[in-house]
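Structure first, commentary second.
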Amino acid sequence: MELPAVSLKAIILVHWLLTVWGCMNYMLPVSYAWGNFTVLAVGIWAIVQRDSLDAITMFLTGLLLTVLTDIIHISIFYPSHDFSSDAKRFSIGMAIFSLLLKPVSCYLVYRMYRERGGEYTFNIGAGGAGQDRSTYEPIDQPEAPPQWPSSSKAAQPQY
């Protein structure tokens, strides 16, 4: 089943609205708001620079990290039944709905990452120093002819 094309603007707008509603009653700490709004700001950067792989990669990484931090925030600061008003239940419900929607958003953003030319694997640049350079051929210098015959070639039989 193919999911319909969803705009990055729509993803950011929905998560912004759910985050605002989740922060309505000061039940969740300020770090919840800072984390989510910062990731949404990176998403706006990904909208502005349509060809940037860095922007969409950082937005996808931020969404994945906020899934973890939202789970922690909601599980630690979930209100007890004694003090839950309708507004608090609505606020925590919107935070939970945002959390449940984030994996779908991550998948859609990952598809946008692939459309922008991203690879399947994420390269963080750690493997560059130990690469095998035995097949390296300089293109700015002409290749000198070998002085000795190569030992890898067998002797040609004479006819």
Side-chain angles (χ1 to χ4, degrees), residues 1-140:
M1 181 175 94
E2 184 69 23
L3 290 174
V6 178
S7 169
L8 192 57
K9 294 175 188 176
I11 293 171
I12 291 173
L13 179 67
V14 167
H15 282 290
W16 176 81
L17 187 63
L18 291 173
T19 302
V20 167
W21 284 344
C23 296
M24 228 168 35
N25 274 318
Y26 305 108
M27 186 175 44
L28 294 171
V30 178
S31 60
Y32 174 81
W34 272 103
N36 282 290
F37 286 129
T38 303
V39 169
L40 293 175
V42 173
I44 292 171
W45 174 39
I47 290 173
V48 172
Q49 292 190 345
R50 294 182 186 268
D51 297 333
S52 174
L53 276 176
D54 288 341
I56 198 79
T57 303
M58 287 181 65
F59 181 55
L60 179 60
T61 306
L63 274 177
L64 290 169
L65 288 174
T66 57
V67 168
L68 177 67
T69 59
D70 287 359
I71 290 170
I72 293 169
H73 283 119
I74 292 170
S75 62
I76 291 175
F77 295 98
Y78 193 82
S80 65
H81 295 293
D82 303 339
F83 302 107
S84 58
S85 65
D86 290 339
K88 286 185 179 183
R89 282 196 308 262
F90 176 78
S91 181
I92 198 73
M94 292 301 110
I96 291 171
F97 184 59
S98 176
L99 173 62
L100 293 174
L101 197 60
K102 280 184 183 180
V104 175
S105 298
C106 287
Y107 174 72
L108 295 172
V109 171
Y110 179 72
R111 282 182 36 195
M112 291 175 203
Y113 168 76
R114 295 286 300 140
E115 289 172 3
R116 291 186 184 191
E119 299 175 5
Y120 281 112
T121 59
F122 290 105
N123 183 7
I124 57 173
Q131 291 180 348
D132 181 25
R133 303 265 183 194
S134 62
T135 60
Y136 174 75
E137 295 179 21
I139 59 173
D140 60 341

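All values below come from the heavy atoms of this structure, side chains included, with hydrogens, waters and symmetry mates left out.
Across all their heavy atoms, L28 and A95 have their closest contact at CD1-CB, 3.8 Å. Taking all atoms of both residues into account, the shortest heavy-atom contact from K9 to I47 is CG-CD1, 3.6 Å. Nearest heavy-atom pair across G22 and S91 is O-OG, 2.7 Å. Pairing each heavy atom of S52 with each of W45, the nearest pair is OG-CZ2, 4.4 Å. Across all non-hydrogen atoms, the minimal contact from T19 to S98 is OG1-OG, 4.5 Å.
L101 CG to I96 CD1: the interatomic distance, rounded to the nearest 0.5 Å, is 13.5 Å. Taken from CZ in R50 to CD in E115, the straight-line distance is 12.0 Å, to the nearest 0.5 Å. Interatomic distance, OH of Y113 versus OG1 of T57, reported as 4.5 Å (0.5 Å rounding). To the nearest 0.5 Å, the span separating CG on L13 from CD1 on I11 amounts to 11.0 Å. To the nearest 0.5 Å, the span separating CG on L65 from CG on N36 amounts to 11.0 Å. The NE2 atom of H15 sits 8.0 Å away from atom CG of L40, with the distance rounded to the nearest 0.5 Å.
When the side-chain contact (heavy atoms from CB on, under 4.5 Å) test is applied to A46, the partners found at least two apart in sequence or on another chain are L8, A55, I56, R116. Legend: residues meeting salt bridge (charged side-chain N to carboxylate O under 4.0 Å, His left out) with R89, ordered by chain and number and at least two apart, are D86. Y78 is linked by a ring pair (Phe, Tyr, Trp, His ring centres under 6.0 Å) to nothing, counting only residues two or more places apart in sequence or in another chain. Partners of M94 according to the side-chain contact (heavy atoms from CB on, under 4.5 Å) rule, which considers only residues two or more places apart in sequence or in another chain, are L18, W21, F90. Partners of D51 by salt bridge (charged side-chain N to carboxylate O under 4.0 Å, His left out), not counting sequence neighbours: none found.
Each salt bridge (Lys or Arg N to Asp or Glu O under 4.0 Å) pair with one or both residues in residues 92-105, not counting sequence neighbours, appears once here: D70-K102.
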Y107/V104 under side chain to side chain contact (heavy atoms under 4.5 Å, CB included): CA gap, chis, key distance, verdict | CA-CA 5 Å; Y107 174 72; V104 175; 5.8 Å; no
Derivation and outcome, side chain to side chain contact (heavy atoms under 4.5 Å, CB included), residues F77 and I92 | CA-CA 10 Å; F77 295 98; I92 198 73; over 6 Å; no
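Within a 6.0 Å radius of CH2 in W16, other residues, nucleotides and ligands contribute 12 heavy atoms or fewer.
A side-chain contact (heavy atoms from CB on, under 4.5 Å) with L68 holds for exactly one of T66, L64, I72, I71; it is I72.
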